[in-house]
Amino acid sequence: MKHLRKELWFNTPHRRDYINITDKVQAAVDESGIRNGLCLVNAMHITASVFINDDERGLIADYDKWLETLAPHEPTTQYRHNDTGEDNADAHMKRQIMGREVTVAITDGKLDFGPWEQIFYGEFDGRRKKRALIKIIGD
Amino acid sequence: MKHLRKELWFNTPHRRDYINITDKVQAAVDESGIRNGLCLVNAMHITASVFINDDERGLIADYDKWLETLAPHEPTTQYRHNDTGEDNADAHMKRQIMGREVTVAITDGKLDFGPWEQIFYGEFDGRRKKRALIKIIGD
Amino acid sequence: MKHLRKELWFNTPHRRDYINITDKVQAAVDESGIRNGLCLVNAMHITASVFINDDERGLIADYDKWLETLAPHEPTTQYRHNDTGEDNADAHMKRQIMGREVTVAITDGKLDFGPWEQIFYGEFDGRRKKRALIKIIGD
């Protein structure tokens, strides 16, 4: 069994951002030489997500508005987590909706995707350095 | 390490449907000959889910109603994604709540499940041909 | 390829509880002798979650309140699942928000985590014996 580990680093300009990382994940698969296996991609921070959906500008705007409806940032005093001096409790909730991680099949050396699947890093508390992890195992 | 890849195809009669695929996934495990490993099952489309829960008619009705409350289909004009000519922005949101994928342990050749776990394909924009992927790795 | 399977048992005092199981999962990784691979941790029950987030008391209180807002327990008659004699339909929904499972990379024999990642068992219908499953594969 082969394996490969790689980190992707981010420092987003806004509190919330959505970054397509599909090409970087495929590059890691290429580097691994693995033809068949599983590729885990996860946020290493608990206020960010890795998820798979469509790279369409309108949809990303819809997600951003919808997440703010389900777990609003303001008023920050509504969250007990923010009593610790943080203002990011909402980001911990948005991340649970969108998920921490994806596991993707690798077949014949490629991410085994349907027609519109793209991997995103979803940032909900950005403007600082944060990471995602890629771990690939297989043959 | 052994591996097996299989697609399941669907063409649901309604916009939203919930299909128990547990037997088909176990059949793929049987075919693989893998005794211990991991089984990934994921929607290959971004308006559908694969999730694990109870095969109980009342619960499925509850999920369907609840998802419509969290991410309503109407009015379709509330979503910028629908400006592209689609009417399925809500389906992209419902799928994030229910999840893209499940990873299931395989132990002694069986899906290693608790008493009520069943695997479902959750369709949120049906009435056309769509797929789920099964990828199994192990020994 | 090596593999290890382990069950964790719970019997929480309250209907809803959040238990940090990180040390128990790392102990299973240690026992497996696996240096590089993947570690799946999943609830074996469909009214419970395994998720990764921060072990901070205020945040856990926020999650508990937020989940009750998104999928309220009362009135129990609002859910068709409860017509079966259950009162736990809300727990099936809370579990979908928080997720069934996590897959964690193992690198050099350790759970490959960012600075604040901790694994939780989230119970939404407790006060009885329930289980989570750990399945580890790798070399």
Side-chain angles (χ1 to χ4, degrees), chain A residues 1-3 18 22 34-42 49-71 93-120 122 136-139, chain B residues 1-9 32 37-51 69-72 76-86 88-104 125 128-139:
Chain A
M1 198 198 76
K2 293 180 185 177
H3 59 88
Y18 306 87
T22 313
I34 290 170
R35 302 289 298 166
N36 283 283
L38 294 177
C39 176
L40 171 71
V41 191
N42 67 266
S49 286
V50 171
F51 66 94
I52 288 175
N53 220 293
D54 193 2
D55 194 349
E56 196 280 307
R57 181 189 299 250
L59 180 66
I60 290 169
D62 292 334
Y63 275 139
D64 196 62
K65 181 181 170 190
W66 178 64
L67 290 168
E68 189 62 17
T69 307
L70 293 181
M93 284 159 205
K94 290 172 168 109
R95 116 71 167 256
Q96 290 305 124
I97 297 281
M98 297 304 277
R100 167 187 181 260
E101 76 206 20
V102 296
T103 303
V104 183
I106 300 169
T107 301
D108 297 335
K110 298 293 174 194
L111 295 168
D112 196 335
F113 271 158
W116 300 101
E117 291 189 277
Q118 296 285 311
I119 310 176
F120 281 86
I136 308 171
I137 68 170
D139 276 343
Chain B
M1 198 199 76
K2 293 180 185 176
H3 59 89
L4 180 136
R5 177 194 195 273
K6 205 166 204 76
E7 292 182 359
L8 302 179
W9 285 81
S32 74
L38 295 177
C39 176
L40 171 71
V41 191
N42 67 266
M44 297 187 79
H45 297 259
I46 52 191
T47 50
S49 287
V50 171
F51 67 93
T69 306
L70 293 181
T76 56
T77 54
Q78 75 190 289
Y79 301 111
R80 298 288 57 79
H81 181 57
N82 292 341
D83 295 344
T84 64
E86 298 281 356
N88 65 5
D90 65 300
H92 291 267
M93 285 159 204
K94 290 171 168 107
R95 114 70 167 258
Q96 291 305 125
I97 297 280
M98 297 304 276
R100 168 187 181 259
E101 76 206 21
V102 297
T103 303
V104 182
D125 184 34
R128 52 196 175 100
K129 289 182 75 176
K130 293 170 80 171
R131 286 175 292 165
L133 179 67
I134 303 171
K135 184 88 182 190
I136 309 170
I137 69 169
D139 277 341

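Within every chain, numbering begins at 1; the chains are lettered A, B, ... in the order of the sequence lines, protein sequences first and strands thereafter.
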Honestly, the part of B:L70 sitting under 4.5 Å from a heavy atom of chain A is both
Under 4.5 Å to a heavy atom of chain A? For B:A71 that would be both
Donor on one side chain, acceptor on other, B:Y79 and B:D90, under 3.5 Å:
no
Hey, is the main chain of B:K135 close enough, under 3.5 Å, to the side chain of B:K6 for a donor-acceptor pair?
no
Heavy-atom pairs under 4.5 Å with chain A: which of B:M1, B:H81, B:M44, B:R80 has the most?
B:H81
B:S49 side chain to B:G99 main-chain N or O, any donor-acceptor pair under 3.5 Å?
yes
Honestly, the part of A:I52 sitting under 4.5 Å from a heavy atom of chain B is both
Counting only non-hydrogen atoms closer than 4.5 Å, does A:W116 touch chain B with its backbone (N, CA, C, O), its side chain (CB onward), both, or neither?
both
Is it the backbone or the side chain of B:H92 that comes under 4.5 Å from a heavy atom of chain A, or both, or neither?
both
Identify which of A:F113, A:Y63, A:F51 forms the greatest number of heavy-atom pairs closer than 4.5 Å to chain B.
A:Y63
B:E7, part contacting chain A, at a heavy-atom distance under 4.5 Å
neither
Give, as side chain, backbone, both or neither, the part of A:E56 having an atom under 4.5 angstrom from any heavy atom of chain B.
side chain
Chain A: which of B:M93, B:E86, B:K130, B:E101 shares the most heavy-atom pairs with it under 4.5 Å?
B:M93
Between B:D83 and chain A, with a heavy-atom cut-off of 4.5 Å, which part of the residue counts as in contact: side chain, backbone, both or neither?
neither
Answer yes or no: is there an ion pair linking B:R5 with A:D112, defined by an N-O contact shorter than 4.0 Å?
yes
Give a yes or no on whether the backbone of A:G138 and the side-chain of A:N36 come within a donor-acceptor separation of less than 3.5 Å.
no
Looking at CD of A:Q118 and CG of A:D54, how far apart are the two atoms once the value is rounded to the nearest 0.5 Å?
8.0 Å
Does any backbone or side-chain atom of A:L67 lie under 4.5 Å from a heavy atom of chain B? Answer side chain, backbone, both or neither.
neither
Quick one: CG on B:L4 to OG1 on A:T107, what's the gap to the nearest 0.5 Å?
10.0 Å
Gap separating the CD1 atom of A:I137 from the CG atom of A:L38, nearest 0.5 angstrom:
6.0 Å
